[in-house]
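Data first, discussion second: the structure below is written as structure tokens.
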Amino acid sequence: MRRTAGLLAILTTALVVGVLGLWSDSAPWQRASADTYTIQQGDTLWDIANRLQIGMSVLLALNEEITSPNSIYVGQHIQVPDNVAVQQPGTPSTQTAAVGTRSGSGNAGIGLTIVYVIQAGDTLSEIAEAHDTDTATVIELNPGLNPNLLWVGDEIVVPSGSALPTSQGSGQSQPTLNAGISTPRPGPDSTQTIEYVVQAGDGLWNIADDAGISLETLRAHNPQLGSDVLHPGQIVYVPVPDYRAPALDPSEAGGGLTDVYIVRLGDNASTIAASFDLTLKELSQLNGGINLSMIYQGQRLTVPWTGTAIIAPAGTVPAVEVRRRTYVVETGDNFTSIAERHGLSLEELRAVNPLKANDLLVIGETLFLPGAIDPPVVAEERMLWDGDLVQYAAATLGVTPHTLLANHGWVEPGQWLDSGTAWRLPLREGLLVTVQRGDTLRAIANRHGVEIEDILADPTNGVDDPNAIVIGQEIIVPLAVPDFAWPAQGELTDPFGLCRSWDCSYRHKGLDIALDTYEPLVAAADGIVTFVGGDEWFGLGWYVEIDHGNGWLTVYGHLIEFAVWQGQTVSQGEVIGYNGNTGHSTGPHLHFEVQHNDWYVDPLVVLP
């Protein structure tokens, strides 16, 4: 017994020495040469590793500054292997560094093994066949593996057969994949079968011709017909390639589809997992095994398709580097029709949607299109040709004093602005805000004390999609201006800002409109009457003042008769009085003033 044990020990030692000798005869392991890849919008470290067909541990080893897989950012430069290992026929495998042995009585005959990373679309039987083994052996090597539930990105142990994909024996090297460059995806050859209802005049030949298939192929899919004679109303099963198959209803898509969920403020991994009927482990596996205790606002998580598009609440998606063109799949769409509608080839449409495993579509799915959407222009440069005080210079520039001051913080309210100066100003009243990295529209609105709906209310503010703002884009945070209307129709005489004294120390603070006596005057906007009265012989004479809220007032001077009383609520267009010639006046006319927070505003700036 002791002699047998000793002999067994000697044989085991010899086997180990032999394996080590074989290992040492192969090319020694060296760190792969590295290239640089720039992180793109939507990238995750796991996606990058998966595209390069390497483990995430390799990326982490090459990039010691990355302390967490979740801490990468758009524009970051990382080191990646120069290309995928190349297997030359007749030479030791370049995967030798990952090769190991599994010991144990159950695996005694398996020999050398390697680690394989599960790819999208893999099945256990395909993996086993590609590595010259069977599913039972793969299951034996991976205790606890569920053969019916494989997760993309999981690592499993397989015998060191041919790699996926394989070209061994062809006399050529495997194609390499350079860092950051996607190789063209081969056209899919899978087909779907659709039911076609025979119409009067149909024959098998024209149905086959319309579907782009041979008559023999159509016959092979319809053995129930018995002959080529068709009758209206019959069902013919027509095979069509994926790129011609109509988009599926989400209820027909099954559980194999995924969508992207963007982490929102207040989210935690448990609530996200529960909302998609997942355990935390399943959610982690679906996202390459990431640490779910470190999720952050704006992070993109892969989740199961729920049957409808997952739409984040308005204004909660962080700004992107580039806003890509997109298309949402509709009923009746197929991959080919979408490509043709946008002037693309199938290859071009596939190239901008590299994560799609095939050309099958689901109604409500979002596809990317080539190109980007440029942010709208919401500002322009205006010249002040004649120097003036802020209040009147603003009128010359076509804005309110508040817009001028808000966009040029160094200007003082009573400051003189020099002639020949240029001023960058928004195209409508408000504050120009430049979107920064990490901004959301809701955060911008909160920061400036406005509602997100205020920004979205008018497309000229620069936002048509609250979840598609772009870093560096300019947005107008609008100044709340009433929807003013003209109080009367007549000839404009004295403009706003006109000098009324020899030294221009007294300026005209309104707009004069020549009208006949007793011409009716109406409220320029909804509001509350705050003053009715005045002096028949001095100043504005008899006048009415209306408060429109948010600091806005209008004044109507030189009236001959009132039609409202103080404290009355009025609506835009409601008669408030009648034109006259009271006060300091050179003839019947309306003196119309607009004020905002004690500033006089040129009425022409806010009137339509």
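Because the structure is a prediction, the values reported are computed rather than measured. One-based numbering along the sequence shown.
Remark: the backbone N or O of Ile560 is not paired with any side-chain donor or acceptor of Tyr518 at under 3.5 angstrom. One N or O on the side chain of Asn467 and one on the backbone of Thr316 form a donor-acceptor pair closer than 3.5 Å. Between the side chain of Glu282 and the main chain of Thr279, a donor-acceptor pair closer than 3.5 Å is present. When atom types are taken as modelled, the side chain of Thr396 and the backbone of Tyr392 share a donor-acceptor pair closer than 3.5 angstrom. In this structure a side-chain-to-backbone donor-acceptor pair under 3.5 Å is present from Asn407 to Leu432. Looking at Ser585, its side chain never comes within 3.5 Å of a backbone N or O of Thr582 through a donor-acceptor pair. Side chain of Gln572 to main chain of Ala524: a donor-acceptor pair is present (N/O by atom type, distance under 3.5 Å, no hydrogens or angles). A donor-acceptor pair is defined here as one N or O able to donate and one able to accept, closer than 3.5 Å; such a pair exists between the side chain of Asp439 and the backbone of Gln436. The main-chain N or O of Ser337 is found under 3.5 Å from a side-chain atom of Asn334 such that the two form a donor-acceptor pair. With hydrogens and angles disregarded, a donor-acceptor distance shorter than 3.5 Å links the side chain of Arg382 to the backbone of Leu397.
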task = Could you give me the CA-CA distance, side-chain angles and deciding distance for His548 and Phe484, then say whether side-chain contact (heavy atoms from CB on, under 4.5 Å) is met?
result = CA-CA 10 Å; His548 304 286; Phe484 286 116; 3.9 Å; yes
query = Do Leu417 and Leu389 pass the side-chain contact (heavy atoms from CB on, under 4.5 Å) test, and can you show the C-alpha distance, the side-chain angles, and the key distance before you say yes or no?
reply = CA-CA 6 Å; Leu417 304 184; Leu389 295 171; over 6 Å; no
Check against side chain to side chain donor-acceptor pair (under 3.5 Å), Glu429 and Thr400 = CA-CA 7 Å; Glu429 296 299 318; Thr400 63; 2.6 Å; yes
request  = Go through Leu492 and Leu511 one step at a time and tell me if the side-chain contact (heavy atoms from CB on, under 4.5 Å) criterion holds.
outcome  = CA-CA 7 Å; Leu492 304 183; Leu511 184 68; 4.1 Å; yes
request  = For side chain to side chain donor-acceptor pair (under 3.5 Å), just list the numbers for Arg341 and Tyr327, CA-CA rounded to whole Å, side-chain angles, deciding distance to a tenth of an Å, and then say yes or no.
outcome  = CA-CA 11 Å; Arg341 189 178 309 150; Tyr327 176 79; 2.5 Å; yes
message = Using the rule given for side-chain contact (heavy atoms from CB on, under 4.5 Å), can you reason through Ile338 versus Leu349, listing the C-alpha separation, both sets of side-chain angles and the distance that settles it, and then say yes or no?
response = CA-CA 9 Å; Ile338 294 172; Leu349 186 55; 4.1 Å; yes
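One finds the CG atom of Leu590 at 9.5 Å from the OG1 atom of Thr493 (value rounded to the nearest 0.5 Å). Between atom CG of residue Leu515 and atom CG of residue Leu521 there is a gap of 6.5 Å, rounded to the nearest 0.5 Å. In this structure, Asp598 CG and Leu553 CG are separated by 8.0 Å, a value rounded to the nearest 0.5 Å. Between Leu344 atom CG and Leu369 atom CG the span is 6.5 Å, to the nearest 0.5 Å. A distance of 12.0 Å separates CG of Asp386 from CG of Asp418, quoted to the nearest 0.5 Å. Distance check, rounded to the nearest 0.5 Å: OG of Ser284 to CG of Asn291 gives 7.5 Å.
Minimum interatomic distance between Gly462 and Gln473 (heavy atoms only, all atoms of both residues): O-NE2, 2.7 Å. Closest approach of Val435 to Ala319, counting heavy atoms only: CG1-CB, 3.5 Å. Across every non-hydrogen atom of Ala563 and Val575, the tightest pair is CB-O, 3.9 Å. Minimum interatomic distance between Leu604 and Trp486 (heavy atoms only, all atoms of both residues): CD2-CH2, 3.7 Å. For the residue pair Pro466 and Ile469, the shortest heavy atom distance occurs at O-CG2, 4.5 Å. Of all heavy-atom pairs between Ser345 and Ala339, the closest is O-CB, 4.1 Å.
Side-chain contact of Glu593 with Gln595: a donor-acceptor pair under 3.5 Å is present, judged by distance alone.
We find that Glu348 and Arg350 are not joined by a salt bridge, their nearest charged nitrogen and carboxylate oxygen being 4.0 Å or further apart. Here Arg500 pairs with Asp512 in a salt bridge; the nearest charged N to carboxylate O distance falls below 4.0 Å. For the pair Asp374 and Arg323, the salt-bridge criterion is not met [side-chain N within less than 4.0 Å of a carboxylate O]. Between Lys509 and Asp602, no side-chain nitrogen of the basic residue sits less than 4.0 Å from a carboxylate oxygen of the acidic one, so the salt-bridge criterion is not met. Salt bridge absent: Arg442 and Glu451 never bring a charged side-chain N and a carboxylate O closer than 4.0 Å.
Between Trp552 and the options Ile546, Val594, Asp547, Asn597, a side chain to side chain contact (heavy atoms under 4.5 Å, CB included) holds for only Val594.
For Tyr578 and Phe562, the gap between ring centers reaches or exceeds 6.0 Å. Ring pair His591/Tyr543: centre-to-centre distance not below 6.0 Å. For Trp385 and Trp423, the ring centers sit 6.0 Å or farther from each other. Between His508 and Phe496, the gap from one ring centroid to the other reaches at least 6.0 Å.
For the pair Asp483 and Asp526, the minimum side-chain heavy-atom distance is 4.5 Å or more. In this structure the side chain of Pro413 never reaches within 4.5 angstrom of the side chain of Val390, judged on heavy atoms. Counting heavy atoms from C-beta on, the side chains of Val329 and Leu367 come closer than 4.5 Å. No side-chain heavy atom of Leu559 sits less than 4.5 Å from a side-chain heavy atom of Asn579. The side-chain heavy atoms of Tyr506 and Cys499, taken from C-beta on, include no pair separated by under 4.5 Å. No side-chain heavy atom of Glu491 sits under 4.5 Å from any side-chain heavy atom of Ile513. Here the side chains of Val544 and Trp565 are not in contact, with every heavy-atom distance at 4.5 Å or above. A 4.5 Å side-chain heavy-atom check between Ile444 and Val477 finds at least one atom pair inside the cut-off.
Counted within 6.0 Å of NE2 on His408, heavy atoms from surrounding residues, nucleotides or ligands total more than 12; the atom is thus considered enclosed.
With a 6.0 Å cutoff to the six-membered ring centre and a 45° limit on the axis angle, Arg324 counts as a cation-pi contact of Phe368.
By the 30° and 60° cut-offs, the orientation of the rings of His589 relative to His558 is tilted.
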